[in-house]
J.: 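Attaching a single structure in structure tokens format; questions to follow.
Given the structure is predicted, the values throughout are model-derived calculations rather than measurements.
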Amino acid sequence: MSSSEDEVVLTKRVKKVPKKNGKIAARSSSSTTASENDDDLPLSQRNGHAKSKDTSVDDDEDSVMSTISKKKRKNENGSTAVKKQKTVKDEPVSPKQKSTKASTTPKVTKPKAETKPKMAVKKETKPTTKKEKKPKEIKEETPLASQNNEGNEEEEEEGYKWWEAEDLDGEQKWESLVHNGVLFPPEYEPLPSYVKLYYDGKPVTLSKEAEEVAGFYGAMLETEHAKNPVFQKNFFNDFLSVIRESNGSDVEIKEFEKLDFSKMYAYFEKLKEEKKSMTKDEKKAIKEEKERLEEPYKTCFLNGRKELVGNFRIEPPGLFRGRGAHPKTGKLKRRVYPESVTLNISADAKVPEPPAGHQWGEIRHDNTVTWLAMWKENIADSFKYVRFAASSSIKGVSDFKKFETARRLKDHVEAIRKDYTKLLKSELMQERQMATATYLIDVFALRAGGEKGDDEADTVGCCSLRFEHITLKPPNKVIFDFLGKDSIRFYQEVEVDKQVFKNLRIFKKSPKQPGDDLFDRINPSLLNKHLQNYMKGLTAKVFRTYNASKTMQDQLNLIKNEGTVAEKVVKFNAANRTVAILCNHQRTVSKSHGNTVQKINDKLKELVWQKIRLKRMILELEPKLLKKDKEYFSEINDLAKEDEEHIHHSIIQRQTQQVLKKMQRDNEKLQLEKQELLTEESDSIKEKLEKIQELKEEYDEELRTGKTVVKKGSTVEKLKQQIETIENRIVTTTLQLKDKEDNSEVSLGTSKLNYIDPRLTVMFSKKFDVPIEKLFTKTLRDKFKWAIESADENWSF
DNA sequence: GAGATTACTTAGCAGATATCTC
DNA sequence: GAGATATCTGCTAAGTAATCTC
């Protein structure tokens, strides 16, 4: 078959549908042909066949397509079969049940007859039209008296160690759940009457509702968001809606450009300043009041044990700050009232009182989920949940399971890699795409890449990569350039497996064009189904966890147990950084970064100058040394005259500013005490400034004569000692600079929090005698208590 | 089987707090 | 002790993925 015929096949399969955002997207056709059914044959049924074909298939791009169109096979049972797996059950066991030795095989338990029963329809206290899941029956009454964990003082003191007790399986998430509901943001307090929005130069009197919305914008007037035209447009539309709804303006507002928020902005800035300048006691009182209000919502009782709640606060209204080019950025996030909040709580628990004059939207008793409350937000029409804190047992169990699943991948990854390497050459397009996607996810830690709508930012992951996101440079170089999660740019120039390169070229082949999906036969759902054939619980995201933790383990293995604690921490962070780079965890370079780097560079230059100056002093004392130790003095003329002049200038300027700033601070105090203020003519200031002037003259003289002034009492030994100190400082500062630059765009926290098995950090801490406090913050120590208490120095991922 | 729904994890940013430097 | 800088924490947006519905 000719290549043109091949293209016809491809064209038939790639159905072009206009994307909601106007782009043309490639979609697999819904009308299946016999050959398309072929694609759906389970791999297990085709492995043998594919293998025999592989040997005969010419791997030319065209012939691949020819083979596909020639093949007319049908899936006999018409459904996707599941590749037979080893019957070893892949369920996690608690950390204490496991040996911490790497060599020990994980405990194998028998598979349950039914691991995840289908959820049945649930009867609710309030009938709803939507389907609902039926919670498992709560086995026993859970009287509130038992919920303070009575009779278990030891546990109360030490905290509940779920990892030593819990059966981690099962769909039911709790036996009893008792809590006090959620904390609502305070009601809006109108602005003082003199703070107005202006329209076309005239003050506008707004309704309370409209004023609140105007204030949201006014407060962020100087942010990048407020300068974004999409943000402005969305805000303005919603602002006008609120004005209409509340009959809320005495002036007809028609154009955004005529709005002047500057008075509002100034008022909010003034409030900020006032807050800043509060006395310690005032700040303390505010904090205490805040804590008093929060207290009832901070904790709840889960199965009779006290646990921390995470985000017990209902999100306050405001303007939606979407990331990247989000089409809805700037829209009004409306205030949430109790009527739209659903509480999830034990059937026999007391329902918390809703705020006065309100009612809860719904009360549920669903023990198959872990949220305490939820509400629907108005931006994406999705749910927001109130959940347990990261340190809670329920989150701990889930975290532990996540890492155990990733660890189980160790036992399968070799087979998976072998398989996808083979399937890269499959004659079936879907298999090739599946294999290529798995390769990219495995090797470059790409996310799955689910489809997105036109009301979201245009970001992609593996399955949603489009034509324009990769550039191919023969023989096997690929340039990835796309926006991933949070609109973070993923840019990498990499060399890939030759067959992967060939496949990507096929996936980009005409008639595909910019806007078309590269992977038009697969999606995350199919991909994950495929992955589950290899291992229960295996999904695309498990690869990220696995590869991150595996990389960390490998990096830690390279570290030698030597040096100070600080040096070991630096090495640990370097390992952490490797993982962060793998996962593309970035952060915006801080505004002050340029300045900071400049300052460190200046400091370095100054240190070098100091060192050279000290060496010149030595030669002033003993000129003969120049011949004796040429190398030691080889740098004494390294600095250009201009550089030296610049350094002198910086030092003089800095010292002068220090004196003047100090004078300013002192004057503020003196003013309060109603005493006479200092001036540059005051004796104490004059004296200091004169000393600086003397120093300047000394420097000028040195520059002019080339002779360095040696301080009284200096000896060669003393000067050499000083040089050594400076040299050490140069080394430290250079390292500091390198660290700054290396870390300026890399965020280490995300991988530490989500991807690196915390037991690796614990192992490092114990093996290398580095206090865990140096590696985990307090929050992380709480979150990973299970790891800290269960892993030892021999633990391995 | 596709799309919708639901529930969960992952993510960067901004403000709060702690630590360092002068 | 004050200001600068680093680190930590809370917030909430933005993903993934399982399940449900049509």
J.: OP1 or OP2 of B:dT5 sitting under 4.0 Å from any side-chain N/O of A:K376?
T.: no
J.: Specify the residue among A:R323 and A:F312 whose closest nucleotide of DNA chain C lies further upstream toward the 5′ end.
T.: A:F312
J.: Residues two or more places apart in sequence or in another chain: which of them pass side-chain contact (heavy atoms from CB on, under 4.5 Å) with A:L183?
T.: A:E294, A:Y297, A:F312, A:R313
J.: In whole Å, I'd like the distance from the CD atom of A:Q532 to the P atom of C:dT16.
T.: 16 Å
J.: Measuring from the side chain of A:K333 (C-beta onward, heavy atoms only), which nucleotide among C:dC8, C:dC11, C:dT12 has the closest atom?
T.: C:dT12
J.: Taking only side-chain nitrogens and oxygens of A:R387, does any of them come within less than 4.0 Å of OP1 or OP2 of B:dC8?
T.: yes
J.: Just to be sure I understand the rule, does A:G322 reach a base, reach only the sugar-phosphate, or reach nothing, if contact means heavy atoms closer than 4.0 Å?
T.: sugar-phosphate
J.: Look at all strands and tell whether A:I488 reaches a base, only sugar-phosphate, or nothing, counting heavy atoms closer than 4.0 Å.
T.: sugar-phosphate
J.: Using a cut-off of strictly less than 4.0 Å, decide whether A:T459 has a side-chain nitrogen or oxygen near OP1 or OP2 of C:dG15.
T.: yes
J.: Using a 4.0 Å heavy-atom cut-off across all strands, classify A:G484 as base, sugar-phosphate, or nothing.
T.: sugar-phosphate
J.: Using a 4.0 Å heavy-atom cut-off across all strands, classify A:A540 as base, sugar-phosphate, or nothing.
T.: sugar-phosphate
J.: Taking only residues two or more places apart in sequence or in another chain, which ones pass side-chain contact (heavy atoms from CB on, under 4.5 Å) with A:Q598?
T.: A:D602
J.: Report the nucleotide, chosen from C:dA17, B:dT9, B:dC8, that has the shortest atom-to-atom distance to any side-chain atom of A:W371.
T.: B:dC8
J.: If you only use heavy atoms from C-beta on, which nucleotide in C:dA17, B:dA7, B:dG12 is closest to the side chain of A:N528?
T.: C:dA17
J.: Starting at NZ of A:K529 and ending at C1' of C:dT19, how long is that distance when rounded to a whole Å?
T.: 11 Å
J.: May I ask you to verify if any side-chain N or O of A:Y385 is less than 4.0 angstrom from the OP1 or OP2 atom of C:dT12?
T.: no
J.: Taking only side-chain N and O atoms of A:H326, does any of them lie within less than 4.0 angstrom of OP1 or OP2 on C:dA14?
T.: yes
J.: Measuring to OP1 and OP2 of B:dA2, would you say a side-chain N or O of A:S525 lies under 4.0 angstrom away?
T.: no
J.: On DNA chain C, check which nucleotide each of A:E773 and A:E294 is closest to and give me the residue with the more 5' one.
T.: A:E773
J.: With sequence neighbours left out, what residues match A:K331 under side chain to side chain donor-acceptor pair (under 3.5 Å)?
T.: A:D238
J.: Measure CG/A:D517 against P/B:dA2 and give the value in whole Å, please.
T.: 14 Å
J.: Can you check whether A:T750 has a side-chain N or O nearer than 4.0 Å to OP1 or OP2 of B:dG12?
T.: yes
J.: Who pairs with A:I286 by side-chain contact (heavy atoms from CB on, under 4.5 Å), at least two apart in sequence or on another chain?
T.: A:M278
J.: Taking 4.0 Å as the cut-off, does a side-chain nitrogen or oxygen of A:T779 come that near to OP1 or OP2 on C:dT9?
T.: yes
J.: Would you mind telling me which of B:dC8, B:dC13, B:dA11 lies closest to the side-chain atoms of A:K173?
T.: B:dC8
J.: Just checking, any donor-acceptor pair under 3.5 angstrom between side chains of A:S382 and A:E377?
T.: yes
J.: Are any of A:T370's side-chain N or O atoms less than 4.0 Å away from OP1 or OP2 of B:dC8?
T.: yes
J.: Is there a side-chain polar atom (N or O) of A:K402 under 4.0 Å from OP1 or OP2 of B:dT9?
T.: no
J.: What do the steps show when you test A:S751 against A:N576 for side chain to side chain donor-acceptor pair (under 3.5 Å), and what is the final call?
T.: CA-CA 7 Å; A:S751 49; A:N576 191 163; 3.1 Å; yes
J.: Any side-chain N or O of A:S398 under 4.0 Å from OP1/OP2 of B:dT9?
T.: yes
J.: What is the distance, to the nearest angstrom, from the NZ atom on A:K541 to the P atom on B:dC8?
T.: 13 Å
J.: Check whether the side chain of A:K485 and the base of B:dT10 form a donor-acceptor pair under 3.5 Å.
T.: yes
J.: Within the supplied structure, the quantity of interest is the number of heavy atoms (other residues, nucleotides, ligands) at a distance under 6.0 Å from A:E745 CD; does it exceed 12?
T.: no
J.: What's the closest nucleotide to the side chain of A:T588 if the choices are B:dC13, C:dA17, C:dT9?
T.: B:dC13
J.: From the options C:dA13, B:dG12, B:dA11, select the nucleotide whose nearest atom is closest to the side chain of A:S747.
T.: B:dG12
J.: Reading nucleotides 15-22 of chain B 5' to 3', which nucleotides get B (base under 4.0 Å from a protein heavy atom), which S (sugar-phosphate only), which -?
T.: -SS----S
J.: Mind checking what makes side-chain contact (heavy atoms from CB on, under 4.5 Å) contact with A:S391, not counting sequence neighbours?
T.: A:L308, A:A389, A:D782
J.: Any idea how A:F482 and A:F490 line up, ring-wise: parallel (<30°), tilted (30 to 60°), or perpendicular (>60°)?
T.: parallel
